[in-house]
Amino acid sequence: MKYINSPIQEINFENKQIFIKRDDLLDIDFSGNKARKFYYFLKNDFQGIKKIISYGSPQANSLYSLSVLAKIKSVKLDFYVSHIASFLKENPMGNYKEAIKNGANIIDLSKINSNIHTFEYIENYVLPFEKNCVFIEEGGRVKEAEFGIKILADEIKAWAKENSINKLDIFLPSGTGTTALFLQKHLEFDVLTCACVGDEEYLKKQFLSLNKDESKHPIILKREKKYHFGKLYKEFYEINQKLLNETKIEFDLLYDSLGWLVLKHSYNFGEKKLLYIHQGGILGNESMILRYKNKYI
Ligand SMILES: *Cc1c(COP(=O)(O)O)cnc(C)c1O
């Protein structure tokens, strides 16, 4: 990895001073949220393991990061998807394209059995027959993720101490909530987040499944309205472009756009210093920008 410890940078956005933890710069190939979550697998011996098995969207950041991990570890990657859009198949791009380049075996379940949930299929028809494999839940929702996220927490602690910052809020947008939850577990500062996949209730449930003690849960900031993951919203594109103009940093269009909108809407700036965690995901922007351009421009 390029950095053992990702840099923290101060930016000015809409006249507010905000610190950004640049996990998007961890490494060219292995960076962002999924690098933190899969760090355990990178660091530990793959004794006897021949294959990684996982599933999710063919555009998922986890697909790309797992393809890098598999390549480094010289093992195969079988990644199950429920469906691949014909446009993507004909015009591979982003995470999908790069994962294929890395040798990922992307298995389209709609071609095999379209009546079953991907997880159920893997559980019943794949894992019982695969030896020497490691199965990784969708989006890296696994207990091993804590290992790399604790390191992230330790980096933040050391930075805050070095800079004599004792009042600090940390914000990151959530998917499964795994990152936010483990970060809160290892930090005294408040961790704030918002729901990007599913609603606030779904996120709360995810937190509960990882930790029964609600006092150790991150704070969920409310969204102004309901958003559906992966759909296009003009305001997502607009805030992404504004961020790029004002800060010269590219943020992702799936999680970060909503994260920044939620901060604008529901966060009280100025009481404490704020550290925003940039969790990568930029590779996915190519196809999103194309969709936005087709729809709005
Ligand atoms: C996976 C991912 C998230 C969500 O992380 P969770 O731990 O599932 O909440 C957020 N941002 C980016 C860029 C991601 O790749």
Side-chain angles (χ1 to χ4, degrees), residues 6 20-27 29-40 54-69 79 94-96 98-99 136-153 170-187 191-211 217-221 223 227 229-230 236 240 243 249-263 276-288:
S6 70
I20 311 286
K21 176 79 171 154
R22 300 293 306 271
D23 263 11
D24 56 319
L25 301 179
L26 269 176
D27 182 81
D29 294 321
F30 202 61
S31 76
N33 173 278
K34 303 303 176 287
R36 295 289 188 184
K37 280 163 133 177
F38 300 148
Y39 193 63
Y40 173 89
S54 189
Y55 68 101
S57 152
Q59 306 266 36
N61 297 328
S62 63
L63 166 58
Y64 173 66
S65 296
L66 286 174
S67 77
V68 174
L69 178 66
F79 194 91
N95 290 311
Y96 177 76
E98 298 305 317
I136 296 179
E137 262 283 349
E138 181 169 25
R141 193 182 54 205
V142 289
K143 61 177 188 327
E144 288 86 352
E146 183 170 0
F147 179 83
I149 296 166
K150 180 179 183 296
I151 296 172
L152 172 59
I170 292 153
F171 181 87
L172 71 167
S174 278
T176 65
T178 311
T179 312
L181 187 106
F182 284 137
L183 208 51
Q184 184 66 86
K185 181 173 171 186
H186 293 286
L187 282 173
V191 173
L192 290 74
T193 189
C194 67
C196 297
V197 178
D199 57 11
E200 285 82 6
E201 229 165 278
Y202 157 84
L203 189 55
K204 191 83 212 164
K205 268 190 205 148
Q206 296 294 312
F207 290 158
L208 278 170
S209 75
L210 290 165
N211 189 349
H217 287 186
I219 297 162
I220 302 174
L221 297 182
R223 300 167 299 172
Y227 291 100
F229 190 66
F236 279 24
N240 175 274
L243 280 157
I249 300 173
E250 185 179 1
F251 287 90
D252 115 285
L253 278 154
L254 286 168
Y255 298 93
D256 287 325
S257 288
L258 181 52
W260 285 101
L261 285 170
V262 166
L263 278 176
Y276 186 102
I277 303 186
H278 191 322
Q279 302 179 86
I282 301 312
L283 205 49
N285 276 359
E286 191 187 356
S287 63
M288 290 302 289

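Order of appearance sets the numbers: ligands from 1, and atoms from 1 within every ligand.
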What pair of heavy atoms forms the shortest contact from Lys34 to Ser65, and how long is it? CB-OG, 3.3 Å
Interfacing atoms of ligand 1 (cut-off 4.0 Å, heavy-atom, Ser174): 9 (O)
Is there a heavy atom of Ala180 sitting under 4.0 angstrom from any atom of ligand 1? no
Apply side chain to side chain contact (heavy atoms under 4.5 Å, CB included) to the pair Thr176 and Phe207, showing each step before the final yes or no. CA-CA 9 Å; Thr176 65; Phe207 290 158; over 6 Å; no
What about the rings of Tyr276 and Phe251, do their centers lie closer together than 6.0 Å? yes
How far is atom 14 (C) of ligand 1 from its nearest protein heavy atom, and which residue and atom is that? Lys34 NZ, 3.0 Å
Need the ligand 1 atom indices (1-based, order shown) with element for anything under 4.0 Å from a heavy-atom of Lys37. 5 (O), 6 (P), 7 (O), 8 (O)
Donor on one side chain, acceptor on other, Glu137 and Tyr55, under 3.5 Å: yes
Any non-hydrogen atom of Arg141 lying under 4.0 Å from ligand 1? no
Can you tell me if Gly177 has a non-hydrogen atom under 4.0 Å from ligand 1? yes
Can you tell me if Asp199 uses its side chain to pair, donor with acceptor, with the backbone of Tyr202 under 3.5 Å? yes
Check Glu144 with Lys37, please: is the shortest side-chain N to carboxylate O separation under 4.0 Å? no
Give the atoms of ligand 1, by number and element, whose distance to some non-hydrogen atom of Thr176 is under 4.0 Å. 6 (P), 7 (O), 8 (O), 9 (O)
Of all the non-hydrogen atoms in the protein, which one sits nearest to atom 5 (O) of ligand 1, and at what distance? Asn33 ND2, 3.3 Å
A student checking ligand 1 against Thr179 at a 4.0 Å heavy-atom cut-off should list atoms 5 (O), 6 (P), 7 (O)
Within 4.0 Å of some non-hydrogen atom of Gly175, the atoms of ligand 1 are 4 (C), 5 (O), 6 (P), 8 (O), 9 (O)
Test item: side-chain donor near acceptor, Asp23 and Ser6, under 3.5 Å: yes
I need the nearest protein heavy-atom contact for atom 12 (C) of ligand 1: residue, atom name and distance, please. Tyr255 CD1, 3.5 Å
Sub-4.0 Å atoms of ligand 1 with respect to non-hydrogen atoms of Gly280: 13 (C)
Does either side chain, that of Gln279 or that of Asp24, offer a donor lying less than 3.5 Å from an acceptor on the other one? no
